[in-house]
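In this chain, numbering begins with 1 at the start of the sequence shown. Not measured: the values here are computed from a predicted model.
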Amino acid sequence: MNTNPIGIFDSGIGGLTVAKAIKYTLPHEQLIYFGDTAHLPYGDKSTAAIQAYAVKICNLLLEKNCKLIVIACNSASAAAYELVKEYVASKAKVINVIDPAVDYITQNFKNKQVGLIGTKQTVNSNIYLEKIEKNKVGIALHALATPLLAPMIEEGFYDESVSKSILNQYLSNPILSKINALILGCTHYPLIKAQVIEYYNNEIDIIDSSEHVAEAVKKYLINNNLLTKKRENVDKFFVSDYTRSFEASTKIFFGEEVHIEHYPLWQ
Ligand code: DGL
């Protein structure tokens with residue numbers, strides 16, 4: 001048993017979709033969430049910039065004694081997971097959002113056509129392709145960068161005509177024309193999952209990594225005897241740049257509005 005918190009970070013508040021799934025799966029665990037809103041979006045940043053941000057955020061989460069760090073952002077998982085894992089080393093386990101989704105896909109979609117939508121950073125890194133091909137199960141991946149979606153969702157446009165028309169424009173791209181499943185390769189996208197399902201008339205599988213990540217976290221804590229039996233501390237939510245609208249948007253991503261504190265990590 002270990003009552004230390006689980007650290008979770010993202011470029012903004014989109015990673016709260018992952019935090020929500022972890023909280024649902026492991027209600028006794030204390031969460032410490034950090035949204036790097038000063039640098040949002042990560043999807044358009046260079047690999048070197050995201051790596052530098054990730055290391056500094058991990059220092060903060062380690063100072064707060066996190067037993068496990070979850071990179072709740074596909075762009076940061078693509079750009080910085082290997083580096084962060086080495087940097088954090090034995091101080092904490094690091095889980096990214098890509099591996100649990102890839103495990104699920106390779107087990108369930110052998111010899112199928114799988115689509116991926118995500119930020120430029122995630123898609124251009126080819127990380128999903130590399131990880132899927134390593135498993136050699138005959139999956140053909142069709143990836144499309146959809147850079148307008150994360151900022152649109154973060155701004156609150158996710159269930160109306162504006163978002164529908166942008167989404168339809170992306171999903172009608174010929175790259176995605178023959179897919180059997182679609183990976184939502186960005187932690188903001190669970191908010192548009194219903195629209196994606198509607199676009200495909202519920203005929204293909206839509207893969208949202210948050211529940212697979214929560215299961216991976218649970219499995220790791222159980223296997224390493226690190227589970228908390230009883231909640232001792234409240235969850236904490238920090239952002240590197242505070243605006244009232246971020247706080248209001250937590251309700252959409254986390255299911256309830258939470259108090260977020262400004263943590264000036266870059267000053
Ligand atoms: N949440 C980030 C991800 O999963 C996307 C948002 C961003 O570009 O910062 O890729």
**Item:** I179 to I204 - nearest heavy-atom pair and separation
**Value:** O-CG2, 3.5 Å
**Request:** Report the distance from atom CG of L116 to atom CD1 of I127, rounding to the nearest 0.5 Å.
**Result:** 11.5 Å
**Request:** Give a yes or no on whether the backbone of P264 and the side-chain of S240 come within a donor-acceptor separation of less than 3.5 Å.
**Result:** no
**Asked** Less than 4.0 Å between a side-chain N and a carboxylate O, is that true for K67 and E29?
**Response** yes
**Asked** Who pairs with K193 by side-chain hydrogen bond (donor to acceptor under 3.5 Å, both in side chains), at least two apart in sequence or on another chain?
**Response** none
**Message:** Could you tell me if the side chain of H188 sits less than 4.5 Å from the side chain of D10, heavy atoms only?
**Reply:** yes
**Message:** Return the CD1 to CG distance between I166 and L149, rounded to the nearest 0.5 Å.
**Reply:** 7.5 Å
**Asked** With a 4.5 Å limit on heavy-atom distance, are the side chains of I98 and Y128 in contact?
**Response** yes
**Prompt:** Do the side chains of L182 and Y200 get nearer than 4.5 Å, heavy atoms only?
**Reply:** yes
**Prompt:** Between F254 and F237, does the ring centre distance come in under 6.0 Å?
**Reply:** yes
**Request:** May I have the step-by-step check of side chain to side chain contact (heavy atoms under 4.5 Å, CB included) for I105 and I183, ending in yes or no?
**Result:** CA-CA 9 Å; I105 293 152; I183 307 165; 3.2 Å; yes
**Item:** Taking every non-hydrogen atom, the tightest pair across E154 and S249
**Value:** O-OG, 4.2 Å
**Prompt:** Counting only heavy atoms not in K131, do more than 12 sit closer than 6.0 Å to its NZ atom?
**Reply:** yes
**Message:** Is there a path of hydrophobic side-chain contacts, each under 4.5 Å between heavy atoms, that joins V97 and Y220?
**Reply:** yes
**Message:** K20 vs E256, test: side chain to side chain contact (heavy atoms under 4.5 Å, CB included). Steps then yes/no.
**Reply:** CA-CA 9 Å; K20 182 181 170 193; E256 59 184 276; over 6 Å; no
**Asked** Which value, rounded to the nearest 0.5 Å, describes the distance between Q121 atom CD and S11 atom OG?
**Response** 11.0 Å
**Message:** Are there over 12 heavy-atom neighbours, none belonging to K251, within less than 6.0 Å of that residue's NZ?
**Reply:** no
**Asked** Considering residues, nucleotides and ligands other than K56, do more than 12 of their heavy atoms fall under 6.0 Å from its NZ?
**Response** yes
**Request:** Check whether V18 and L26 end up in the same hydrophobic cluster, where Ile, Leu, Val, Met, Phe, Trp and Tyr are linked by side-chain heavy atoms less than 4.5 Å apart.
**Result:** yes
**Message:** I need the E211 CD to T17 OG1 distance, nearest 0.5 Å.
**Reply:** 11.0 Å
**Item:** Any donor-acceptor pair under 3.5 Å from S77 side chain to N96 backbone
**Value:** no
**Asked** Does some side-chain heavy atom of F109 sit less than 4.5 Å from a side-chain heavy atom of I207?
**Response** yes
**Asked** Quick one: does Q195's side chain get under 4.5 Å of D159's, heavy atoms only?
**Response** yes
**Request:** Would you indicate whether E261, at its atom CD, is surrounded by more than 12 heavy atoms from other residues, nucleotides or ligands within a distance under 6.0 Å?
**Result:** yes
**Request:** Treating Ile, Leu, Val, Met, Phe, Trp and Tyr as nodes and any side-chain heavy-atom pair under 4.5 angstrom as an edge, say whether V217 and F253 lie in one connected cluster.
**Result:** yes
**Request:** Say whether, by atom type as modelled, one donor and one acceptor occur between the side chain of D235 and the main chain of L31 under 3.5 angstrom.
**Result:** yes
**Asked** Quick one: do Y33 and V239 end up in the same hydrophobic cluster if we chain Ile, Leu, Val, Met, Phe, Trp and Tyr together by side-chain heavy atoms under 4.5 Å apart?
**Response** yes
**Message:** Given 3.5 Å as the limit, does a donor-acceptor pair link the side chain of T37 with the main chain of D241, or not?
**Reply:** yes
**Complete:** Heavy atoms of I175 and H142 approach each other most closely as O-CB, 3.3 Å
**Asked** For the atom pair OH (Y81) and CG (D99), what is the distance rounded to the nearest 0.5 Å?
**Response** 5.5 Å
**Prompt:** When rounded to the nearest 0.5 angstrom, what distance separates OH in Y158 from CD1 in I252?
**Reply:** 4.0 Å
**Message:** If I compare all heavy atoms of S75 with all of G43, which pair ends up nearest, and what's the gap?
**Reply:** OG-CA, 3.7 Å
**Message:** Could you check whether any side-chain heavy atom of L60 comes within less than 4.5 Å of a side-chain heavy atom of F9, counting everything from C-beta outward?
**Reply:** no
**Asked** Does E203 offer a backbone N or O that forms a donor-acceptor pair with the side chain of N201 under 3.5 Å?
**Response** no
**Asked** Which is it for V196 and Y189 under the side chain to side chain contact (heavy atoms under 4.5 Å, CB included) test, yes or no, and what are the steps along the way?
**Response** CA-CA 9 Å; V196 176; Y189 298 175; over 6 Å; no
**Message:** Less than 4.0 angstrom from a charged side-chain N to a carboxylate O is my criterion; do E257 and R244 meet it?
**Reply:** yes
**Message:** I need the minimum non-hydrogen distance between V84 and A54, along with the two atoms involved.
**Reply:** CG2-CB, 3.7 Å
**Asked** Are the side chains of L62 and I69 in touch, meaning some heavy atoms are under 4.5 Å apart?
**Response** yes
**Message:** Please give me the minimum heavy-atom distance between S210 and D208, naming the atom from each residue.
**Reply:** OG-OD1, 2.8 Å
**Message:** Can you see whether Y242 engages E247 through a side-chain donor-acceptor pair at a distance of less than 3.5 angstrom?
**Reply:** yes
**Asked** Heavy atoms, side chains only, cut-off 4.5 Å: are S209 and Y104 in contact?
**Response** no
**Prompt:** Is the count of non-hydrogen atoms from other residues, nucleotides or ligands lying under 6.0 Å from Q169 atom CD greater than 12?
**Reply:** no
**Heavy-atom donor-acceptor pair, T119 side chain to P147 backbone, under 3.5 Å** = no
**Request:** Mind running side chain to side chain contact (heavy atoms under 4.5 Å, CB included) on K164 and E198 for me, showing each step along the way?
**Result:** CA-CA 10 Å; K164 195 168 177 178; E198 193 188 321; 3.3 Å; yes
**Joint cluster assignment, L16 & F238, ILVMFWY side-chain distance < 4.5 Å** = no
**Request:** Scan residues 43-69 for pairs that pass ring pair (Phe, Tyr, Trp, His ring centres under 6.0 Å), counting only residues two or more places apart or in two chains.
**Result:** H39-Y53, Y42-Y53, Y53-W266
**Asked** Hey, is the main chain of A79 close enough, under 3.5 Å, to the side chain of T47 for a donor-acceptor pair?
**Response** no
**Prompt:** Are the side chain of T187 and the backbone N or O of A72 linked by a donor-acceptor pair below 3.5 Å?
**Reply:** yes
